[in-house]
Enquirer: 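Below are the structure tokens for one structure; questions will follow.
One-based numbering, in listed order, for ligands and for the atoms of each. No experiment lies behind these values; they were computed from the predicted model shown. Just the heavy atoms: all of them, side chains too, but no hydrogens, waters or symmetry mates, feed the values below.
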Amino acid sequence: MYNMTEWKHIFKLDPDKEIDDKALELICESGTDALIVGGTDNVTIDGVVQLLSRIRRYTVPCILEVSNIESVTPGFDYYFVPMVLNSSEKKWMMDVQHQAVKQYGNVIDWEELFVEGYCILNDEAKAYQYTNCFMPEQEDVIAFAQMAEHMFHLPIFYIEYSGKYGDPSLVEQVKAQLSNTQLFYGGGITSTEKAKEMSAYADVIVVGNVIYDNLKEALKTVQAVKGNE
Ligand SMILES: CC(C)=CCC/C(C)=C/CC/C(C)=C/CC/C(C)=C/CC/C(C)=C/CC/C(C)=C/CC/C(C)=C/COP(=O)(O)OP(=O)(O)O
Ligand SMILES: O=P(O)(O)OC[C@@H](O)CO
Ligand SMILES: [Mg+2]
């Protein structure tokens with residue numbers, strides 16, 4: 001339906017956070033390539049359904065990043081399923097996904113489902129703590145990226161610093177390993193400069209918290225990476 005390999009910028013909206021109609025309109029009509037609905041805490045079916053119905057007034061592609069089975073909602077364009085590669089527990093790589101496929105396997109449109117190999121690199125992020133991650137060395141992250149591309153053939157490798165700006169040189173080195181797997185970067189993009197810097201290496205930058213902290217700066221990140229199109 002959409003050519004995801006051409007995407008450069010995504011806004012991530014948290015169903016657990018308030019956003020007024022005007023702000024939502026500005027985000028949806030900003031020129032971003034897509035919206036992700038997702039978060040770690042308090043993601044409920046009511047929150048997801050409500051946000052989806054408000055986003056559907058606009059034409060922007062809309063993805064559910066599934067964080068628990070209870071909030072899986074029909075009607076999104078795509079479903080992104082995280083596998084946390086640097087979790088210490090198999091549960092967050094395989095088991096929760098296994099349970100979801102057991103429940104929904106017969107109704108899943110596999111063309112709409114994309115698995116994300118997550119590497120979470122901010123030990124203060126909720127998702128890091130929730131999924132009991134360990135902090136990998138640089139060589140470990142590169143090996144995870146190689147596994148994502150060559151062993152698991154994942155469509156997406158996601159370097160996640162949620163809440164904190166990460167290391168552009170690491171993103172550059174990871175990008176050098178990937179040909180078919182798309183590299184997503186998310187975390188602490190709060191300005192045009194940071195958006196441009198990470199966008200030089202990552203295929204897609206994901207912008208989240210700044211939407212709620214400084215909408216004006218959030219909107220500028222779109223033009224920062226798509227200005228030359
Ligand atoms: C008809 C119908 C219902 C169709 C749909 C069928 C369908 C697509 C079914 C789903 C199939 C499936 C396999 C689902 C997987 C289910 C599942 C339980 C996955 C678990 C994913 C996971 C490992 C979650 C842990 C948390 C995590 C890694 C979340 C990722 C997003 C993230 C890091 C958000 C950042 O969180 P935030 O709250 O913003 O953090 P900060 O506070 O730090 O900012
Ligand atoms: O909220 P921020 O820090 O922008 O991070 C975006 C996204 O990667 C979170 O999953
Ligand atoms: Mg967040």
Enquirer: Return a yes/no value for E160: is any of its N or O atoms, backbone included, closer than 3.5 angstrom to an N or O of ligand 2?
Expert: yes
Enquirer: Classify the ring geometry of Y130 against W92: parallel below 30°, tilted from 30° to 60°, perpendicular beyond 60°.
Expert: tilted
Enquirer: Before accepting this row, confirm whether a basic side-chain N of the pair D77/R56 lies closer than 4.0 Å to the acidic partner's carboxylate O.
Expert: yes
Enquirer: Which ligand 1 atoms, with their elements, are less than 4.0 angstrom from a heavy-atom of A100?
Expert: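 Selected atoms, number and element: 12 (C), 13 (C), 14 (C), 15 (C), 16 (C).
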Enquirer: Going by heavy-atom distance to atom 42 (O) of ligand 1, choose the closest among K164, M93, K126.
Expert: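 Considering heavy atoms of K164, M93, K126, the nearest to atom 42 (O) of ligand 1 sits in K126.
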Enquirer: Classify the angle between the aromatic ring planes of F80 and F184 as parallel (below 30°), tilted (30 to 60°) or perpendicular (above 60°).
Expert: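 Aromatic pair F80/F184 classed perpendicular.
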Enquirer: Sequence neighbours left out, what passes ring pair (Phe, Tyr, Trp, His ring centres under 6.0 Å) with Y128? Give chain and number order.
Expert: none
Enquirer: Counting heavy atoms only, name the option from V96, V206, N42 that's nearest to atom 20 (C) of ligand 1.
Expert: V96
Enquirer: If hydrophobic clusters are built by linking Ile, Leu, Val, Met, Phe, Trp and Tyr wherever their side-chain heavy atoms come under 4.5 Å apart, do L64 and I45 end up in the same one?
Expert: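 In one cluster with L64: I45, no.
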Enquirer: Which atoms from ligand 1 have a heavy atom of V84 less than 4.0 Å away?
Expert: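 So the atoms of ligand 1 that pass are 23 (C), 28 (C).
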Enquirer: When you look at NZ of K175, are more than 12 heavy atoms from neighbouring residues, nucleotides or ligands closer to it than 6.0 Å?
Expert: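 Check passes, neighbour count above 12.
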Enquirer: Could you work out, for atom 2 (P) of ligand 2, the closest of N209, I159, V206 by heavy-atom distance?
Expert: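 Answer by nearest heavy atom: N209.
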Enquirer: Is there at least one pair of N or O atoms, one from S162 and one from ligand 1, spaced under 3.5 Å apart?
Expert: yes
Enquirer: Under 3.5 Å between some N or O of ligand 2 and some N or O of G163?
Expert: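 Yes, since at least one N or O of G163 sits under 3.5 Å from an N or O of ligand 2.
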Enquirer: Hey, does K12 come in under 3.5 Å of ligand 2, counting only N/O atoms on both sides?
Expert: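 Yes; at least one N/O pair falls below 3.5 Å.
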Enquirer: Between Y161 and ligand 2, find which residue part has any heavy-atom pair under 4.0 Å and reply side chain, backbone, both or neither.
Expert: neither
Enquirer: Just go through I36, T40, I69, T131 and tell me whose heavy atom is the nearest to atom 38 (O) of ligand 1.
Expert: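 Looking at heavy atoms only, T40 sits closest to atom 38 (O) of ligand 1.
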Enquirer: Quick one: sort the W7 and Y78 rings into parallel, tilted or perpendicular, breaks at 30° and 60°.
Expert: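 Correct class here is perpendicular.
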Enquirer: If you measure from atom 21 (C) of ligand 1 to every heavy atom of L13, V66, V115, which option wins on shortest distance?
Expert: V66
Enquirer: Just to be sure I read this right, does ligand 1 sit under 4.0 Å from the backbone of E160, its side chain, both, or neither, counting only heavy atoms?
Expert: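 Within the 4.0 Å criterion, E160 contacts ligand 1 through side-chain atoms alone.
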Enquirer: With respect to K12, determine whether any N or O atom, backbone or side chain, lies less than 3.5 Å from an N or O atom of ligand 1.
Expert: no
Enquirer: Look at the aromatic rings of F144 and F134 and report parallel, tilted or perpendicular, splitting at 30° and 60°.
Expert: tilted
Enquirer: Of the side chain and backbone of E65, name the one, both, or neither that has a heavy atom under 4.0 Å from an atom of ligand 1.
Expert: side chain
